[in-house]
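Values below: every heavy atom of this structure, side chains too, minus hydrogens, waters and symmetry copies.
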Protein chains: 2
Amino acid sequence: MKRENLVYSEEIKEILLKKGIAPSFQRIKIYEYLISHRVHPSAERVYIDLVGFIPTLSRTTVHSTLNLFADKGMARRLFIDGNLVRFDIDSSDHMHFKCTKCGEVYDILKSSPKVTSPEHKVLSGEMYLYGICKKCKEE
Amino acid sequence: MKRENLVYSEEIKEILLKKGIAPSFQRIKIYEYLISHRVHPSAERVYIDLVGFIPTLSRTTVHSTLNLFADKGMARRLFIDGNLVRFDIDSSDHMHFKCTKCGEVYDILKSSPKVTSPEHKVLSGEMYLYGICKKCKEE
DNA sequence: TCCATAATTTGTATTTATTACAATGTTGAA
DNA sequence: TTCAACATTGTAATAAATACAAATTATGGA
Ligand SMILES: [Mn+2]
Ligand SMILES: [Mn+2]
Ligand SMILES: [Zn+2]
Ligand SMILES: [Zn+2]
């Protein structure tokens, strides 16, 4: 393994420890994957891509790790698709756009509109946009 | 059947015909259900509630009918939950709020924020809000 | 170091939502 | 009435996610 990656892993260890998460090999690799593949992957996508590199990896670990990250506020669950959950390691305030032609999910780097309700206590919100992406338009 | 319901069904027939949909008994009943149960039900919810009334009803019919309504612009698919699709017969411009305690999905009767993108062609958008509903707050 | 315990991962089974598809049933125009 | 197109049904298949117990690994005190 390259020194770069080792340093990378050391930094990730710190991040996980600060959140009270034991920095296991699998968790570090999943975190690293999310950091370097910013396409809002599903659990299955993470699994498929990492299992080539970690042959003993199980889907259960991927799911439980992604849910752990989300519950600790280190990742965001995106319900932009109907029947699968995507994950975003970038929990900063931004929106998402899904191309209905190619299926890709892009960041819209503006803060999400703030909506309040006179009756309910609104704690969070997600704005999902749909349409045709730049790449698909040009074809 | 009460005369009221017959009139209701007649009106629904007109609505379906105008959209080019054959007004079968099942479709009319599913439409009627959506009109009179405005809680953004899932396909399973619609099926469970209607199968007592229409014993031969199949899940496939419910799914295909709801998808037909959505594709014809007569209903909206809501991805406010992670792994199930809810349907909303009200396709007017409004937002949705889900109570994370009781799970209920409420309407927020304001028009959804309009977001554009300099690169992508945005065709539609959905704003989902999460928090604690009025009822749960009061307990 | 060694051991006991806790934490984590794994693999399998299960659950749940949805779709695929062929067989059956229904309807309306000729 | 007949027939072809359309709609519904039931079963099987697919797919995402979870439940759970067994196996593995890490940790901390003797
Ligand atoms: Mn993002
Ligand atoms: Mn609504
Ligand atoms: Zn595209
Ligand atoms: Zn509530």
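Side-chain nitrogen and oxygen atoms of A:T60 include none within less than 4.0 Å of the OP1 or OP2 phosphate oxygen of C:dG11. Neither OP1 nor OP2 of D:dA17 sits under 4.0 Å from any side-chain N or O of A:R59. At the phosphate of C:dT26, neither OP1 nor OP2 sits under 4.0 Å from any side-chain N or O atom of B:S24. Regarding contacts with the backbone of D:dT18, a side-chain N or O of A:N67 is found under 4.0 angstrom from either OP1 or OP2. Contact check, A:Q26 against C:dT10: a side-chain N or O comes under 4.0 Å of OP1 or OP2. Within the structure, a side-chain polar atom (N or O) of A:T56 is placed less than 4.0 Å from OP1 or OP2 of C:dT10.
No contact: B:S64 has no heavy atom under 4.0 Å from any strand. Residue contacts shown for A:S42 are absent, as no nucleic acid heavy atom lies under 4.0 Å away.
Here the C1' atom of nucleotide C:dT8 and the CZ atom of A:R27 are 6 Å apart, to the nearest Å. Between the P atom of D:dT9 and the CD1 atom of B:I30 lies a distance of 8 Å, rounded to the nearest Å. Atoms CD1 (B:I54) and P (C:dG25) sit 18 Å apart, rounded to a whole Å. When rounded to the nearest whole Å, the span between CZ of B:F87 and P of C:dT18 equals 7 Å. If you take CG of A:N83 and C1' of D:dA13, they are 15 Å apart, rounded to a whole angstrom. A:E44 has its CD atom 6 Å from the P atom of D:dA16, to the nearest Å. What separates CD1 of B:I21 from C1' of C:dT27 is a distance of 17 Å, to the nearest Å. The interatomic distance linking A:F79 (CZ) with D:dA17 (P) rounds to 9 Å, in whole Å.
In this structure, the side chains of A:H96 and A:D88 come closer than 4.5 Å at one or more pairs of heavy atoms. The shortest distance between side-chain heavy atoms of A:L84 and A:E44 does not fall below 4.5 Å.
In terms of hydrophobic clustering, with Ile, Leu, Val, Met, Phe, Trp and Tyr side chains grouped at heavy-atom distances under 4.5 Å, A:Y33 and A:V39 are assigned to different clusters.
The base of D:dA7 does not come close enough to the side chain of B:T61 for any donor and acceptor atom to sit less than 3.5 Å apart.
Distance from the side chain of A:S58 is smallest to C:dT10 among D:dA7, C:dT10, C:dA17.
In this structure, A:R86 and B:T65 both approach DNA chain D, and ranking their closest nucleotides by distance from the 5' end singles out B:T65.
Here the options are A:M74, A:R77, A:K19, the test is side-chain contact (heavy atoms from CB on, under 4.5 Å), and the partner is A:F69; only A:M74 passes.
Under the 30°/60° scheme for interplanar angles, the aromatic rings of A:H40 and A:H94 are found to be tilted.
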